[in-house]
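In listed order, ligands and their atoms are each counted from 1. FYI, side chains are in, hydrogens and waters are out, and symmetry mates aren't considered; it's all heavy atoms of this structure. This is a predicted model, so every value here is computed, not measured.
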Amino acid sequence: MVERANRPSALASTPALAPQPQVTFSDDNSRVTAVLPTGESVEVLLYGATVISWKSGDGAEKLWLSEAARLDGTKAVRGGIPLVFPVFGTVPNHAQTAKLPQHGFARTSRWEFLGKSSSESAPGSAAADLSVKLDFGLSSANLDPSARELWPFEFGLIYSVLLNRDSLTTSLVVTNDDDKPFDCQVLLHTYLRVKDITAVEITGLADASYVDKVDGAKTKTQSSPLTITGETDRVYSPAGDAAVIVTESGAEIFSVTRDNLGNVVVWNPWADKAAGMADFAPNDGFKNMVCVEPGSVSGWQTLEPGDAFEGAQTITLYS
Ligand SMILES: O=P(O)(O)OC[C@H]1O[C@H](O)[C@H](O)[C@@H](O)[C@@H]1O
């Protein structure tokens, strides 16, 4: 038998492998954070599966989060990306959801972290190609009994947050695990951060009809790029699925694409409404945000037993 030690070692002559770039990750039982090797990061609170931070590689925050947002699970988070399910706003004349609080219970429930997957294990992957996906789950089985009483259906929700170098995708899958159909609405209530709302223009909604919630719920048609000059609360129903582009001072900053979500809500509370919200700070924070909220809210998704509905948004940054 030849002693291994006497043989020339193939390994010894191989140059040391460069360390694989890694996604850094932390989970402290209340929030999950992932950081790509190139610096991009995302932070998700288990309460509501609310994305509370999304940073580009240079450390710039892309989402607006109120300085007075409660992050302790006592109130829906003011900012980031709260999840709206199974009702948007309140719909008193819809028997199934009439008892639910505004925007339902998904944003005020504690979700389970199901796990992470990243592209770093792919052989030869370069730092620039890395992405990470975080999955969260909520089902009737782990719902607070008080919420279950208000909406007594067996359901499952899987929410996935995918961070790439230049984009964030959030997608929600709803399944009906009951033996009877239920109706639901979903919406990704994204608070985008801007430097100066008066310099913002939103395109991609041309010719779309919308319900103007600050003008008696009248139905109108968008004729030109949208600028925000006062309280704005509109539910758009664009005919196609064109991207919604947010520009600031003429430069494109965000593109929001939708997958299987027929509505886009655009919301800015402006000065008076912002001042009236105890968890909205600073008072002039409305100048630094605009909500662009892909969803399915102008009608109902009726899910038969065993059926599923999936909807997603991708927010891409311009460099
Ligand atoms: O205060 P919240 O329950 O978080 O709702 C905040 C806003 O959400 C959506 O954008 C609705 O269209 C608005 O009417 C509502 O004011």
Q) Between Trp64 and Tyr191, what is the ring plane arrangement, given parallel below 30°, perpendicular above 60°, and tilted in between? A) parallel
(Q) Whether Glu231 and Lys273 form a salt bridge (side-chain N of Lys/Arg under 4.0 Å from carboxylate O of Asp/Glu) is what I want to check. (A) yes
Q) Taking atom types as modelled and ignoring hydrogens, do the side chains of Tyr159 and Thr170 form a donor-acceptor contact shorter than 3.5 angstrom? A) yes
Q) Do the charged groups of Asp215 and Lys220 touch, with an N to O distance under 4.0 Å? A) yes
Q. Angle class for the Phe105/Phe85 ring planes (parallel below 30°, perpendicular above 60°, tilted otherwise)?
A. perpendicular
Q) Hey, are Arg78 and Glu67 close enough for a salt bridge, meaning a charged N less than 4.0 Å from a carboxylate O? A) no
Q. Under a 4.0 Å heavy-atom cut-off, which residues neighbour ligand 1?
A. Arg78, Phe88, Gln102, His103, Arg107, His189, Lys213, Asp233, Val265, Trp267, Glu293
